[in-house]
Amino acid sequence: MQFRLTGLTTAALGAGALLPNAAAAQTMDLSIELPRMRVAEYHKPYVAVWLEKEGQPARTLSVWYDVDKRGGEGTKWLHDVRQWWRASGRTMSFPADGISGATRAPGVQKQRLVAGKGGMPALTPGQYTLVVEAAREVGGREVVRLPFAWNGSSATATAKGASELGAVSFTLKR
Amino acid sequence: MKFRKPLFALAAVTALAAPAAIAHRMWLLPSSTVVSGTDNWVTVDAAVSNDLFYFDHRPMGAIPTITQPDGTEGKAEHHNVGQFRATFDVHLTQQGTYRIAVVNQGVFGRYTLNGETKMLPRGTTKAQLATAIPAGATDVQTSEMLARNEIFVTQGAPTNTVFKPTGEGIELVPVTHPNDLVANEPATFQFLLDGKPASGLYVTTILGGGRYRNAPKQMEQRTDASGKVTIQWPEAGMYWINVTPNAPRPEGEGEGPRPPAQAQAQAGAPHPAQGGSQGMRGVPSGRRVSYTTTLEVLAP
């Protein structure tokens with residue numbers, strides 16, 4: 001994904017240049033590997049990425065689905081990403097600005113999430129879990145959880161799926 | 001409820017009126033219970049059978065009542081009654097929880113007039129009872145039935161408008177929402193009898209798919225002092241839940257022969273009303289209430 005400068009991030013970056021410790025936008029660089037499947041019928045998986053913090057509602061950061069299908073038909077199968085659907089998806093409306101995106105091909109997929117843009121909130125220090133769930137039509141479903149502590153400056157975590165997800169990792173900086 | 005299909009309604013009444021002889025289970029099975037998007041359809045199988053959820057005996061042909069998330073009445077479309085099952089579709093256009101219900105309510109019974117035994121006409125309601133039995137009738141035996149069979153389907157986030165109790169018969173009040181069930185989380189429901197929390201109700205929970213098991217996956221519980229029961233799901237799947245004031249038979253096949261005094265006292269109906277005195281003509285001498293639902297429990 002390309003990092004597009006918006007007014008908000010420009011302002012944040014500008015402020016950050018003046019006060020390096022204060023206002024730089026938190027930026028998460030996310031890497032999700034979608035395994036190549038040797039199957040007769042392959043459809044790119046629906047993938048949801050969300051953030052959990054105890055005592056707070058889950059925050060959806062990103063959803064890859066058939067976003068361009070006519071009549072919003074791609075939303076019909078969102079509930080198959082079932083943990084995410086229960087944690088967050090069912091209270092959202094689609095397409096969700098800055099969150100919805102098209103399904104992605106097998107391989108390593110990168111995404112940059114910037115606090116204040118799309119679904120990415122500015123994090124206060126504490127314990128979080130980044131969750132990635134993939135569900136594939138006529139295929140399986142898998143969830144990978146990446147717990148991390150945010151100390152206000154940097155965090156990183158890595159995990160690996162066994163079936164529908166390969167290596168999943170992120171670095172979060174400000 | 002009005003019996004719009006008297007023939008099938010009678011079949012349903014007969015099935016419930018003689019539980020010792022016929023212990024088949026009545027069930028509604030939705031194609032989905034948790035739905036995403038804004039414009040979906042669900043289809044429902046409605047049948048009466050022993051094994052859950054296999055349609056191999058009788059259809060349940062009554063026209064269901066659909067209650068939409070905003071409280072307005074919806075429509076059962078494409079209703080069809082086949083040899084073994086009835087099917088119908090529900091078009092989901094609102095966000096929230098829908099209720100799909102078949103409520104069998106009525107009074108059945110018999111009386112003797114001029115030495116002749118007569119049956120109450122089909123579809124007699126409680127309100128009509130006083131006029132349905134002619135003056136001078138003797139050996140009046142009547143029984144009121146209220147069998148509520150309902151399922152829930154949620155498009156988007158679950159809502160609670162369809163759970164507003166009517167105060168009649170047995171009703172479910174969610175503690176856990178019935179469309180928010182996951183196998184590794186226990187679920188709690190409260191049951192009301194005529195609008196009040198009902199303790200000691202018998203709650204039977206059976207996992208579908210019994211054809212492929214030697215022993216049924218079945219649980220017998222009773223509601224606590226506040227009418228609540230907590231169910232631990234052994235695994236994900238479709239579960240049939242049946243709630244009655246009287247004990248199921250030991251082998252677990254539907255309702256057992258009830259101890260009349262206790263069951264009737266619990267059901268809150270006066271008894272007996274035999275003898276056909278003018279004063280008692282409008283009151284059913286027995287009462288049979290039940291609640292049935294099918295719940296889908298998802299994998300974690």
Side-chain angles (χ1 to χ4, degrees), chain A residues 43 45-48 50 52 57-60 62-97 99-101 103 129 131-137 139-145 161-164, chain B residues 30-44 68-70 89-99 151-163 174-188 233 235-239 294-300:
Chain A
H43 303 272
Y46 276 26
V47 175
W50 74 99
E52 292 182 353
R59 287 285 295 256
T60 300
S62 189
V63 190
W64 304 340
Y65 67 103
D66 285 329
V67 72
D68 286 333
K69 267 206 172 164
R70 244 184 320 133
E73 254 186 59
T75 59
K76 182 175 175 183
W77 307 107
L78 282 175
H79 69 90
D80 282 344
V81 193
R82 64 171 184 264
Q83 278 195 22
W84 163 74
W85 182 250
R86 188 173 188 233
S88 175
R90 68 188 186 186
T91 60
M92 298 169 61
S93 53
F94 296 92
D97 198 19
I99 295 172
S100 291
T103 53
T129 303
V131 194
V132 179
E133 181 173 15
R136 184 166 54 91
E137 184 179 351
R141 190 200 69 101
E142 187 170 29
V143 175
V144 165
R145 302 176 64 85
S163 54
E164 298 296 330
Chain B
S31 55
S32 300
T33 61
V34 174
V35 174
S36 56
T38 53
D39 188 321
N40 283 283
W41 290 80
V42 289
T43 189
V44 180
Q68 304 185 108
D70 68 0
D89 302 332
V90 181
H91 191 186
L92 311 176
T93 55
Q94 298 182 12
Q95 293 290 298
T97 301
Y98 284 72
R99 181 181 60 207
I151 55 172
F152 307 96
V153 175
T154 295
Q155 178 165 257
T159 56
N160 284 315
T161 46
V162 298
F163 298 103
V175 177
T176 308
H177 194 287
N179 290 147
D180 194 20
L181 307 176
V182 178
N184 59 355
E185 297 176 13
T188 301
W233 315 106
E235 60 188 91
M238 283 283 188
Y239 286 83
T294 302
L295 300 177
E296 183 174 27
V297 177
L298 296 178

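Every chain is numbered from 1 and lettered A, B, ... according to where its sequence line falls, protein lines coming before strand lines. This structure is a prediction, so every number in the text was calculated from the model and none was measured.
The CZ atom of A:R86 sits 8.0 Å away from atom CG of B:L181, with the distance rounded to the nearest 0.5 Å. From B:Q155, atom CD reaches atom NE2 of A:H79 across 10.0 Å, with rounding to the nearest 0.5 Å.
The two residues A:K76 and B:N40 have their closest heavy-atom pair at CG-OD1, 3.4 Å. A:R90 and B:N179 make their closest contact through NH1-O, 4.3 Å (heavy atoms, listed as atom of the first residue, atom of the second, distance).
With a 4.5 Å cut-off on non-hydrogen atoms, B:V35 touches chain A through its backbone but not through its side chain. Neither the backbone nor the side chain of B:D39 comes within less than 4.5 Å of any heavy atom in chain A.
Side-chain atoms of B:S36 come within 3.5 Å of backbone N or O of A:T75 as a donor-acceptor pair.
By the salt bridge (charged side-chain N to carboxylate O under 4.0 Å, His left out) test, A:E142 is found to be paired with no residue, residues two or more places apart in sequence or in another chain being considered. Applying the side chain to side chain contact (heavy atoms under 4.5 Å, CB included) criterion to A:E52, with sequence neighbours excluded, gives A:W50, A:A58, A:T129, A:V131, A:R145. Partners of A:R82 by side chain to side chain donor-acceptor pair (under 3.5 Å), not counting sequence neighbours: none found.
Contacts of residues 63-73 of chain A with chain B at a heavy-atom distance below 4.5 Å are absent; not one residue qualifies.
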